[in-house]
Protein chains: 2
Amino acid sequence: MRNPKIPEATIIRLSVYSRFLTQLENKGVTNTSSGQIAEGVGGSSAQVRKDLAYFGEFGTRGVGYNVKDLNQNIIKILGLSKRWKVVIVGAGNLGSALTQYKGFKERSFDVIGVFDIDPTRIGSTLNGVSIYPVSKIEDMIKENGVEIGIIAVPADFAQEVADILVKSGIKAILNFAPVVISVPRGVELRNVDLTVNLEVLTYNIEMQKGE
Amino acid sequence: MRNPKIPEATIIRLSVYSRFLTQLENKGVTNTSSGQIAEGVGGSSAQVRKDLAYFGEFGTRGVGYNVKDLNQNIIKILGLSKRWKVVIVGAGNLGSALTQYKGFKERSFDVIGVFDIDPTRIGSTLNGVSIYPVSKIEDMIKENGVEIGIIAVPADFAQEVADILVKSGIKAILNFAPVVISVPRGVELRNVDLTVNLEVLTYNIEMQKGE
DNA sequence: TAGATTGTTAATCGATTAACAATC
DNA sequence: TAGATTGTTAATCGATTAACAATC
């Protein structure tokens, strides 16, 4: 294993570095440094170099990094040099917004189907993506080799949906429902928790006042 | 300062504990233990006790915790015993979904206005919340003492919107735009990064394959 | 009392930061 | 060569885990 326990925080930062490098590329910048990247993403240059060092040597001492090269390397590390098929379960407000979110396509994610239980929604399309009944999830995943599922249903149904996704062979789940769900080992799970994020803010606001 | 550097991870977990305790309350459960909470949220009992210990003694040795009491204490810690006014900037798909998101109200957040630059959107309402022109942000924040702003505009406009919010006296910002924005010290900032979350998943999927 | 479970301390683990030799 | 910046090691810092005395 050439992988000595890489912090998750490092992976998150690599993703942010990559986005920043893409910005530089678009501006026509060809060369950069750990200092410039750090400034662009709000970190330290030592941390940028450390994060990159887990995966190899991408720069030139005394010179810095080639923007395009480095970005391609990070994209490769993150697994984004291929396109990923994604299904979204829940075609409510949030599910619909996510389905139509342009940022996913730019970063190599293709939403190929949305699923709902509401018969009035089924059959219509969102930005060219069809809404199917939940009963079709398994076929869709198996026939297309879908590896990522997004859960955007109310909390009460989230575990049930997770179970369907797992049974269908999904590899990873991004959960937006405000509830803790459990999946077997081997299935990756991340939670995007909208209220938790706001609550960290309110805690911090109150702390400031109290100081 | 009776606040010896509390890890942000602790605050995030407290928010999740609180949600779990609310579930228990709704089921009519009156008493619980650090072990039960840990099981419910996928952590360890030692960590639950440690997290709570930063703020006081909420349990009884040999007995456990009173569900309602503990939840109220955590809610107080997080600053949620009052209601918070929130404005959302951006009435596109994501901003609209967030405006109509029911989970916020349940956790003491009231969205009192949405702002956009698109004249065709301005004047209509989303779930009873009016869409105003961006030029009205400052008045709205100042007149209502709004403390939290949510950014749901494209990346290119995010910094500009952040500047407006800051200038209007906002205390905290939740940023959904996929770009690093900067705010002065004293303004809290958190980022909810949709693509970064997917990219951590793809990295992990690829890692598993490689092992 | 015996059993259970907290609150807290100490030990461990892991991540970040600082420093600097290597080298372009 | 002198200046710049990387890659890497060692030092520091912080968070988690384990253990257990306190006590209901």
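Numbers restart at 1 for each chain; the letters A, B, ... are given by sequence-line order, proteins then strands.
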Original post:
Which residue, B:Gly62 or A:Gly59, contacts DNA chain D at a nucleotide closer to its 5' end, judged by nearest heavy atom?
Top reply: A:Gly59
**OP:** Scan B:Ser45 against the nucleic acid and name what it touches under 4.0 Å (heavy atoms): base, sugar-phosphate only, or nothing.
**Re:** nothing
Original post:
For the residue pair B:Phe58 and B:Leu52, what are the closest heavy atoms and their distance?
Top reply: CE1-O, 3.6 Å
**OP:** Say whether B:Ser34 and B:Arg49, considering side chains only, have a donor N or O and an acceptor N or O under 3.5 Å apart.
**Re:** yes
Original post:
Hey, would you say the A:Phe20 and A:Tyr17 ring centroids sit under 6.0 Å apart?
Top reply: no
Identify every side-chain donor-acceptor pair in residues 146-153 of chain B under 3.5 Å, counting partners at least two apart or on other chains, and give the distances.
from     : atom 1 : to       : atom 2 : distance (Å)
B:Glu147 : OE1    : B:Lys82  : NZ     : 2.8
B:Glu147 : OE2    : A:Lys209 : NZ     : 3.1
B:Glu147 : OE2    : B:Lys171 : NZ     : 3.0

Original post:
Does anyone know the first and last nucleotide of DNA chain C in reach of chain B, 5' to 3', at under 4.0 angstrom to a heavy atom?
Top reply: C:dA4 to C:dT9
Original post:
Got a sec? Which of residues 9-23 of chain B come in under 4.0 Å of DNA chain D, heavy atoms?
Top reply: B:Ala9, B:Arg13
Original post:
Do you see a donor-acceptor pair shorter than 3.5 Å between the side chains of A:Gln208 and A:Asn204?
Top reply: no
Original post:
Looking at residues at least two apart in the chain, or sitting in another chain, which of them share a salt bridge (Lys or Arg N to Asp or Glu O under 4.0 Å) with B:Arg13?
Top reply: B:Asp51
**OP:** Report yes or no: do B:Asn71 and B:Thr22 form a side-chain donor-acceptor pair below 3.5 Å?
**Re:** yes
Subject >> Intermediate values then yes/no, side-chain contact (heavy atoms from CB on, under 4.5 Å), B:Thr60 and B:Tyr65 >> reply: CA-CA 6 Å; B:Thr60 309; B:Tyr65 305 90; over 6 Å; no
Original post:
Between B:Thr195 and A:Arg107, does any side-chain donor sit less than 3.5 Å from a side-chain acceptor?
Top reply: no
Subject >> Contact nearer the 5' end of DNA chain C, comparing A:Ala46 with A:Thr60 >> reply: A:Ala46
**OP:** Only counting residues at least two apart or in another chain, list the ones meeting side-chain contact (heavy atoms from CB on, under 4.5 Å) with B:Lys76.
**Re:** B:Ser81
Original post:
Once Watson-Crick and G-U wobble pairs under 3.5 Å are found, how is DNA chain C written in dot-bracket notation, 5' to 3', with | for any base paired to another strand?
Top reply: ..||||||||||||||||||||||
